[in-house]
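Following: one structure in structure tokens, then a few remarks.
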Amino acid sequence: LLLEEKKRFLDRAGDELSCHVFEEMADEIWQIARQYPVFSDRNYILVSVEKMDETKEFVKYLEHQLDMTDIAIFVEKMDKRTKLYKKLKAMNVLQECNKLDKKAFSEFVVRLIAANDLRITKNDYEYFEEKCGYFCDDSINLFSIKNAILQMCMSGAVDRHSIDCFCPESNTTKVFALSNVLFRQDSAAVFKTATTLLANKESPIAMMALLLRQFRLAYKASLFHEVPAAQLEKMLGVSKYQFQDAMKYPAGTVKKAMDILQSGVHDIKTGNADAEHVFLFTLSRLMDCIQMGC
């Protein structure tokens with residue numbers, strides 16, 4: 001989404017000569033902002049930074065902006081606790097490029113596939129949605145989704161085979177698959193999935209840490225059960241798909257599950273038992289906890 005917004009801004013500028021591009025909040029930005037444009041009727045300045053730094057020059061310019069200059073600052077990570085964020089929010093100049101919801105995501109995927117003269121079945125789409133990790137892995141964005149789809153289209157078909165080939169699972173999506181069967185209380189599927197993950201040399205401690213994160217999010221969300229899902233997402237800073245399944249259990253059960261996972265992680269770190277045995281034993285304790293509603 002950030003890339004799309006950058007493209008729109010550059011298209012508005014018209015050409016490279018009319019737009020000044022920066023990779024840091026340099027003092028030169030504010031000098032250019034106050035100059036009269038040379039190659040067009042406006043100055044266009046595009047800045048890409050990882051985080052927003054509050055500088056005196058920036059604050060000074062915000063107090064006295066010029067109509068002849070358009071500045072777009074793209075920030076990867078924004079600290080919403082800062083005075084600068086609150087000031088920009090009050091000025092109504094912020095635009096958040098968050099992840100799409102399920103409906104918008106499906107439209108994006110289907111439209112991109114159709115643009116390449118191919119189609120995807122409902123079952124294959126659901127398989128792609130689960131495997132791609134867009135809703136459960138913060139590192140997966142529309143850019144990586146688009147690349148995966150284009151590679152599938154180049155192979156000539158969008159089906160389970162091409163999805164498996166061009167949409168490799170991350171650790172997060174693998175653990176998400178494990179948590180799905182865990183929350184469905186499907187014991188056979190839990191241990192089949194766990195055994196497969198271990199056979200593929202996945203780290204037991206990393207998998208338990210990711211499971212623990214899901215339960216932690218669910219526990220935090222349970223403390224605000226009357227808050228709408230969209231607001232909860234903003235409060236926790238993650239998509240509801242990362243914790244909504246665990247939320248169907250009482251807070252006490254979720255807290256007990258967290259204790260079980262923390263105990264398992266501790267046992268592995270201290271070398272009290274074999275890591276794989278601890279992982280499988282911890283999963284069995286989790287199943288008992290969830291099924292009994294402890």
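The shortest distance between side-chain heavy atoms of F128 and I145 falls below 4.5 Å. In this structure, the side chains of L2 and E76 come closer than 4.5 Å at one or more pairs of heavy atoms. Taking 4.5 Å as the limit, every side-chain heavy atom of I45 sits out of range of all side-chain heavy atoms of D70. Here the side chains of H161 and S155 are not in contact, with every heavy-atom distance at 4.5 Å or above. Side-chain contact check for E96 versus K80: some heavy-atom pair is nearer than 4.5 Å.
Other residues, nucleotides and ligands contribute only 12 or fewer heavy atoms inside 6.0 Å of the CD atom of E50. No more than 12 heavy atoms of other residues, nucleotides or ligands lie within 6.0 Å of CD in E28, so this atom counts as exposed by the packing criterion. By the neighbour-count criterion of 12 heavy atoms within 6.0 Å, atom CZ of R12 is densely surrounded, having more than that number from other residues, nucleotides or ligands. Within a 6.0 Å sphere centred on NZ of K248, heavy atoms belonging to other residues, nucleotides or ligands number more than 12.
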What donor-acceptor contacts under 3.5 angstrom involve side-chain atoms of residues 198-207, with partners at least two apart or in another chain?
residue	atom	partner	partner atom	Å
N200	ND2	T196	O	3.3
E202	OE2	K174	NZ	2.5
S203	OG	A206	N	3.2

Extract all donor-acceptor atom pairs below 3.5 Å that involve side chains of residues 146-154 and protein atoms in other chains or at least two apart in sequence.
residue	atom	partner	partner atom	Å
Q151	NE2	N147	O	3.4

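Among pairs with a residue in residues 67-93, none fulfils ring-ring contact (aromatic ring centres under 6.0 Å, His included), at least two apart in sequence or across chains. Residue pairs meeting the ring-ring contact (aromatic ring centres under 6.0 Å, His included) criterion with at least one member in residues 253-289, sequence neighbours excluded, do not occur. Listed by first then second residue, pairs satisfying ring-ring contact (aromatic ring centres under 6.0 Å, His included) with a partner in residues 87-122 read F105-Y134, F105-F135, not counting sequence neighbours.
With sequence neighbours left out, the salt bridge (charged side-chain N to carboxylate O under 4.0 Å, His left out) criterion links K122 to E126. The side-chain contact (heavy atoms from CB on, under 4.5 Å) search around E63 returns K87, not counting sequence neighbours. Residues satisfying the salt bridge (charged side-chain N to carboxylate O under 4.0 Å, His left out) test with D79, not counting sequence neighbours, are R81. Under the side-chain contact (heavy atoms from CB on, under 4.5 Å) criterion, E57 pairs with D27, W30, R34, T55, K60, not counting sequence neighbours. Taking V75 as the reference, V49, M52, I73, M78 meet the side-chain contact (heavy atoms from CB on, under 4.5 Å) condition, with sequence neighbours excluded. Residues forming a salt bridge (charged side-chain N to carboxylate O under 4.0 Å, His left out) with D159 (at least two apart in sequence, or on another chain): none.
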One pair to check against side-chain contact (heavy atoms from CB on, under 4.5 Å): V278 and M208. What are the steps and the verdict? CA-CA 10 Å; V278 171; M208 284 199 290; 4.3 Å; yes
Assess the residue pair K6 and S48 against the criterion (side-chain contact (heavy atoms from CB on, under 4.5 Å)); give the C-alpha distance rounded to whole Å, side-chain angles, the decisive distance to 0.1 Å, and a yes or no. CA-CA 9 Å; K6 284 182 182 179; S48 298; 3.0 Å; yes
Apply side-chain contact (heavy atoms from CB on, under 4.5 Å) to the pair F58 and V47, showing each step before the final yes or no. CA-CA 12 Å; F58 184 18; V47 187; over 6 Å; no
For a salt bridge (Lys or Arg N to Asp or Glu O under 4.0 Å) check, start with the C-alpha distance between D259 and K255, then their side-chain angles and the critical distance, and finish with the verdict. CA-CA 6 Å; D259 292 340; K255 179 67 168 61; 3.3 Å; yes
Would L182 and M287 count as a side-chain contact (heavy atoms from CB on, under 4.5 Å) if you check the C-alpha gap in whole Å, the side-chain angles of each, and the deciding distance to 0.1 Å? CA-CA 7 Å; L182 179 67; M287 281 299 304; 3.5 Å; yes
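By the criterion of side-chain heavy atoms lying less than 4.5 angstrom apart, applied directly or through intervening Ile, Leu, Val, Met, Phe, Trp or Tyr residues, I29 is not grouped with F9; the two fall into different hydrophobic clusters. Both Y249 and M258 are assigned to one and the same hydrophobic cluster, defined by single-linkage of ILVMFWY side chains at heavy-atom distances under 4.5 Å. No path of Ile, Leu, Val, Met, Phe, Trp and Tyr side chains, each step under 4.5 Å between heavy atoms, connects I32 with L46, placing them in separate hydrophobic clusters.
Between G156 and L118 the shortest heavy-atom distance is O-CD2, 3.5 Å. The heavy-atom pair separating K131 from C167 by the smallest distance is CE-O, 3.1 Å. For the pair L280 and A194, the tightest heavy-atom approach, listed with the atom from each and the gap, is CD2-CB, 3.9 Å. Nearest heavy-atom pair, A33 versus Y61, reported as atom, atom and distance to 0.1 Å: CB-CE1, 3.7 Å. In this structure, C289 and I260 approach most closely via the heavy-atom pair CB-CD1, 3.8 Å.
For the atom pair N123 CG and Y127 OH, the distance stands at 12.5 Å (nearest 0.5 Å).
Remark: E5 engages R8 in a salt bridge, criterion side-chain N to carboxylate O under 4.0 Å. Ionic pairing of K7 and D11 is present here: one or more N-O contacts between side-chain nitrogen and carboxylate oxygen are shorter than 4.0 angstrom.
Summarising the hydrophobic clusters (Ile, Leu, Val, Met, Phe, Trp, Tyr; side-chain heavy atoms under 4.5 Å, direct or chained), the residues clustered with F143 are L3.
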